[in-house]
Protein chains: 2
Amino acid sequence: MKLTSKGRYAVTAMLDVALHQNVGPVCLADISERQRISLSYLEQLFSKLRKAKLVNSVRGPGGGYRLAIAAVDISIGAVIIAVNDSVIATQCKGEKPCTPSGRCLTHSLWNDFSKKMQDFLDSVSLGELMANSEVIAISKKQNMVQGLQNDILHTNQLG
Amino acid sequence: MKLTSKGRYAVTAMLDVALHQNVGPVCLADISERQRISLSYLEQLFSKLRKAKLVNSVRGPGGGYRLAIAAVDISIGAVIIAVNDSVIATQCKGEKPCTPSGRCLTHSLWNDFSKKMQDFLDSVSLGELMANSEVIAISKKQNMVQGLQNDILHTNQLG
DNA sequence: TATATACTTGACTAATTTACTCGGGTTTGA
DNA sequence: TCAAACCCGAGTAAATTAGTCAAGTATATA
Ligand code: FES
Ligand code: FES
């Protein structure tokens, strides 16, 4: 299976949208700043998330992204699949068996394993994550940091 | 997490040893032929498996590898960790948090996920795999193919 | 003891995948 | 009209994985 930074970034970014969309569309620049993910990279990820109909975009100034459906209806698994295509751990990936004489010894093992992983990822929703106390605490902290940075920026601009 | 060919090969090879060690040590050349894994690569893998005390080696002609402990006591997880170091899915890998301000929003999610995966992999032993009907069938087939190939080789040598 | 078998080791390279950048768009609110 | 934001695809750099190679050592057996 592949669970890489790409999938992790996507989940983090989606969670950030979920946590901030109550005050309007969330723009990538803000996510980039709060979550320390490159803006260009976010663009790439959200392009896929939008095609997967997990977010809607609002163009123009004041625009950004909103979740396309309720946070409790978006599973982590769906987010990862949107950016990663698949989570299957067999070598043959459901295509032709990986040895000419047929399935390899461990095909069914990896198949079971893939299912378990998928089940877990499908069982956790963005909504649940939002309600997690650690997530709430970290998010608050991030908002404070961002607020401070904006203040400093503002002061500098005035000065 | 990383579940790549390396780990899959290692499990397949260990299973091959488990299935054939009843007639003496299993040499890498045979595993290579049966499982279609490069001999040099197997050497690399078994070097790690030996260091992890999952197999014992017997040098010299007629030598090869044996499981160091009973097949039912060797978990798939142990095999994968032996060749892959870890299966942890967090970005920080238990070291310093991945953002300067502390844990990222999704740290605990990936942590839970890693645990689940590890639990699954630890819950399956080589012994159980050996008893799996599909594995038995595939193994029989592989033995037949190998037998045939050896016959052809032998005939050629005589002729 | 000669020889072939088979493990042992470490360095090296090729291939693949991942992560990320860049340079141009287009849309739209103020 | 301007600037904020999304949109898109090509291209590249970095990292990881997979696999090779060469030069060993140990040992059973003839
Ligand atoms: S993993 Fe499916 S045949 Fe090998
Ligand atoms: S994954 Fe552990 S802090 Fe981000």
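What you are looking at is a predicted structure, and each value in this text was computed from that prediction instead of being measured.
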Based on the rotation axes of five pairs at each end, what angle does the helix from C:dT1-D:dA30 to C:dA30-D:dT1 bend through, to 10°?
0°
Does [N] have OP1 or OP2 under 4.0 Å away from a side-chain N or O of [X]?
X	N	result
B:Thr4	D:dA18	yes
B:Ser5	D:dA18	yes
B:Ser38	D:dT20	yes
A:Arg50	D:dC6	no
B:Tyr9	D:dG19	yes
B:Ser57	C:dT8	yes

Keeping A:Thr106 on the side-chain end and A:Leu109 on the backbone end, is there a donor-acceptor pair under 3.5 Å?
no
Quick one, give me the B/S/- string for nucleotides 22-30 of chain D, reading 5' to 3', where B means a protein heavy atom under 4.0 Å from the base and S means that only happens at the primed atoms, P, OP1 or OP2.
--BBBBB--
Which residue lies more 5' along DNA chain C, comparing B:Lys51 with A:Tyr41 via nearest heavy atoms:
B:Lys51
[atom1] of [X] versus [atom2] of [N]: gap in Å, rounded?
X	N	atom1	atom2	answer
B:Arg66	C:dA6	CZ	C1'	14 Å
A:Lys48	D:dC6	NZ	P	18 Å
A:Leu42	C:dC22	CG	P	15 Å
A:Asn56	D:dA5	CG	C1'	16 Å
B:Ile37	D:dT20	CD1	P	12 Å
A:Asp30	D:dC6	CG	C1'	14 Å
B:Lys6	C:dT17	NZ	P	16 Å
A:Tyr65	C:dT28	OH	P	14 Å

Which value, rounded to the nearest 0.5 Å, describes the distance between [X] atom [atom1] and [Y] atom [atom2]?
X	Y	atom1	atom2	value
B:Gln35	B:Ile138	CD	CD1	9.5 Å
B:Phe113	A:Leu3	CZ	CG	5.5 Å
B:Arg8	B:Asn84	CZ	CG	10.5 Å
A:Leu19	A:Asn143	CG	CG	8.0 Å
B:Tyr65	B:Arg50	OH	CZ	6.5 Å

Going by heavy atoms in the side chains, are A:Lys53 and A:Ile69 under 4.5 Å from each other?
no
Reckon A:Phe46 touches a base, only the sugar-phosphate, or nothing at all at heavy-atom distances under 4.0 Å?
nothing
Once you apply a heavy-atom cut-off of 4.0 Å, does B:Ser40 come out as touching a base, just sugar-phosphate, or nothing?
base
Intermediate values then yes/no, side-chain contact (heavy atoms from CB on, under 4.5 Å), B:Val17 and B:Arg66
CA-CA 7 Å; B:Val17 171; B:Arg66 277 182 220 275; 5.6 Å; no
Verdict with supporting geometry, A:Asp30 and A:His20, side-chain contact (heavy atoms from CB on, under 4.5 Å)
CA-CA 10 Å; A:Asp30 285 356; A:His20 292 93; over 6 Å; no
Establish whether the base of D:dT20 is bridged to the side chain of B:Gln44 by a donor-acceptor pair shorter than 3.5 Å.
yes
Could you note down all residue pairs passing salt bridge (charged side-chain N to carboxylate O under 4.0 Å, His left out) where residues 13-24 of chain B supplies at least one of them, sequence neighbours left out?
B:Asp16-B:Arg34
